There are 2 protein chains.
Amino acid sequence: MTADAPFAFDGLDRVIHEKARLSILTSLISHADGLSFNELKSLCALTDGNLSRHVAVLQEAGLVAVTKGFEGNRPHTTCALTPAGRQKFMDYLNELERVLKNAAGAPSASPSTVPGSLKPA
Amino acid sequence: MTADAPFAFDGLDRVIHEKARLSILTSLISHADGLSFNELKSLCALTDGNLSRHVAVLQEAGLVAVTKGFEGNRPHTTCALTPAGRQKFMDYLNELERVLKNAAGAPSASPSTVPGSLKPA
DNA sequence: CAAATAACTTTACAATGTAAAGTATATATA
DNA sequence: TATATATACTTTACATTGTAAAGTTATTTG
C-alpha cells in the first residue's frame, strides 16, 4: 500500500480490472485446461467483437495464451491462462480482497448490509 | 447471476468499478461524517483534476453528496456517501465477493498463491 | 449453386479517464 | 500597497479504450 494513500489500490492492474476481462480471467482460472472462444463467449455473455478484442489485450499483456487450430474443418480458438497470467491474477485478487476488507470492515458499513461478508459465522 | 453466464458479473456497476472512484467510495465508507477535497486527494493519491471529475460523476449518479462551504476564508468542499450510495456500494461489494469466491475458490487456484483468502484458518 | 451459418477480425464511434491549463480568492512579501 | 505566490478547486483538450456493427473466410445446408 502506498505510504500516505491507503485507499489508492495501486495493485488494481487496469488490464485485469476491466469488467469483461475480469470475467474472462475468472472463467479461465476455473478451467485450467482452457476454454474455447464460444465457451468464453457464453460464460461471459460477450459479443464476438468484444471477446476478440479483450482476448487480444490479455494476450498482448502475456496473461493469456491463445491457440488457434481446427476442430474438424472449422477454426477453433482455445484460450488458457499463462503461468505469469495466473500469478498476476492472484496478485490482483489479493488487492481485491484488500478493497473488500477496507470497505466491508469500515465502521459505517453495517454488517447486515453485507450478508455473506468476509467474517466467518 | 445471469442464467447462462455465470462469470458475467453484471452487478459490477461501471460508475463504482472504476479504480479511482472505488478508492473514493472506500475512503468515504470509512469516514461516515465525510471527507474534504484535500483529504480525499491524499487518501486516494489523485490529482486535483481527477478528483474533481470523479467526484462529479459520483455526485451525478447520486452516490455522493457534495457540500461546498467555507473554512475560515477559503472554499471548502466536503463529500459524503448518500444513503443510496451506501446501499449501491454494498451491492457492488457483494458482487466483488462473488468474483473473489469464484476465482479464489477455483480448483486451479492453489491456496498458497492466495494467502489470506476467504477461507478462514 | 445460392443462401445461410460458423468463427472469428477489423473498423469506426462514442464514452471516459487523465493531466495540463485556467479561474478566483487569499495570503505573503518586497 | 503592488506583486508574487499559494490555495482550492474547475474546465478543457487529448489520448486511451470499450463496444457494436460490419467485414472476412470457409463451410455447411436446402
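Owing to the predicted nature of the structure, the values given are computational and were not obtained by experimental measurement. Residue numbers start from 1 in every chain, and the chains themselves are labelled A, B, ... in the order their sequence lines are given, proteins ahead of strands.
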Q) Does B:R14 make a side-chain N or O approach to OP1 or OP2 of D:dT17 shorter than 4.0 Å? A) no

Q: Specify the closest pair of heavy atoms between A:A5 and B:C44, including all atoms of both residues, with the distance to one decimal.
A: CB-C, 4.2 Å

Q. Can you tell me how far P of D:dC9 sits from CG of B:L40, to the nearest Å?
A. 10 Å

Q.
I need the CD-P distance between B:E71 and D:dC9, as an integer number of Å.
A. 10 Å

Q: Classify the angle between the aromatic ring planes of A:F9 and A:F7 as parallel (below 30°), tilted (30 to 60°) or perpendicular (above 60°).
A: perpendicular

Q: For A:K41 and C:dT5, give me the distance from atom NZ to atom P, rounded to whole Å.
A: 14 Å

Q. DNA chain D: A:L46 or A:G72, which has the more 5' nearest nucleotide?
A. A:L46

Q: Look at the side-chain N and O atoms of B:K68 and state whether any lies under 4.0 Å from the OP1 or OP2 oxygen of D:dT10.
A: yes

Q) Are B:E18 and B:H54 close enough that some pair of their side-chain heavy atoms sits under 4.5 Å apart? A) yes

Q. With respect to the phosphate group of C:dC8, does any side-chain polar atom (N or O) of A:T77 fall under 4.0 Å of OP1 or OP2?
A. yes

Q. Which heavy atom of B:V64 sits nearest a heavy atom of B:C79, and at what distance?
A. CG1-CB, 4.0 Å

Q: Give a yes or no answer on whether the side chain of B:E39 reaches the backbone of B:S36 with a donor-acceptor pair at less than 3.5 Å.
A: yes

Q. Any ion pair linking A:K41 and A:D48 (charged N to carboxylate O, less than 4.0 Å)?
A. yes

Q. Residues from residues 16-35 of chain B sitting under 4.0 Å of DNA chain C, heavy atoms only?
A. B:E18, B:R21

Q. Taking CG from B:D13 and C1' from C:dA15, how many angstroms apart are they, rounded to a whole number?
A. 15 Å

Q: Please answer whether the main-chain N or O of A:L46 pairs with a side-chain N or O of A:N50 as donor and acceptor at a distance below 3.5 Å.
A: no

Q) Checking side chain to side chain contact (heavy atoms under 4.5 Å, CB included) for the pair B:I24/B:L40: CA distance, chi angles, key distance, verdict? A) CA-CA 7 Å; B:I24 294 171; B:L40 275 176; 4.2 Å; yes

Q. In whole angstroms, how far is the P atom of D:dA8 from the CD atom of B:E39?
A. 11 Å

Q: Using a cut-off of strictly less than 4.0 Å between a heavy atom of the residue and any atom of DNA chain D, enumerate the qualifying residues of residues 49-58 of chain B by number.
A: B:G49, B:S52, B:R53

Q: Over all heavy atoms of both residues, which pair between B:L12 and A:K19 is shortest? Give the atoms and the distance, please.
A: O-CD, 3.6 Å

Identify the pairs formed between an N or O of the protein and an N or O of nucleotides 23-27 of chain C at a distance under 3.5 Å, and give each distance.
unit_1 : atom_1 : unit_2 : atom_2 : d
C:dT27 : OP1    : B:N73  : ND2    : 3.4

Q) With a 4.0 Å cut-off, would you call B:E71 and B:R74 a salt bridge? A) no

Q: Rounded off to whole Å, could you give me the NE2-to-C1' distance for the B:H76 and D:dT10 pair?
A: 17 Å

Q: Compare side-chain N and O positions of B:N38 against OP1 and OP2 of D:dA8 and report whether any pair is under 4.0 Å apart.
A: yes

Q) Is B:I29 close to B:M90 at the side-chain level, that is, under 4.5 Å between some pair of heavy atoms? A) yes

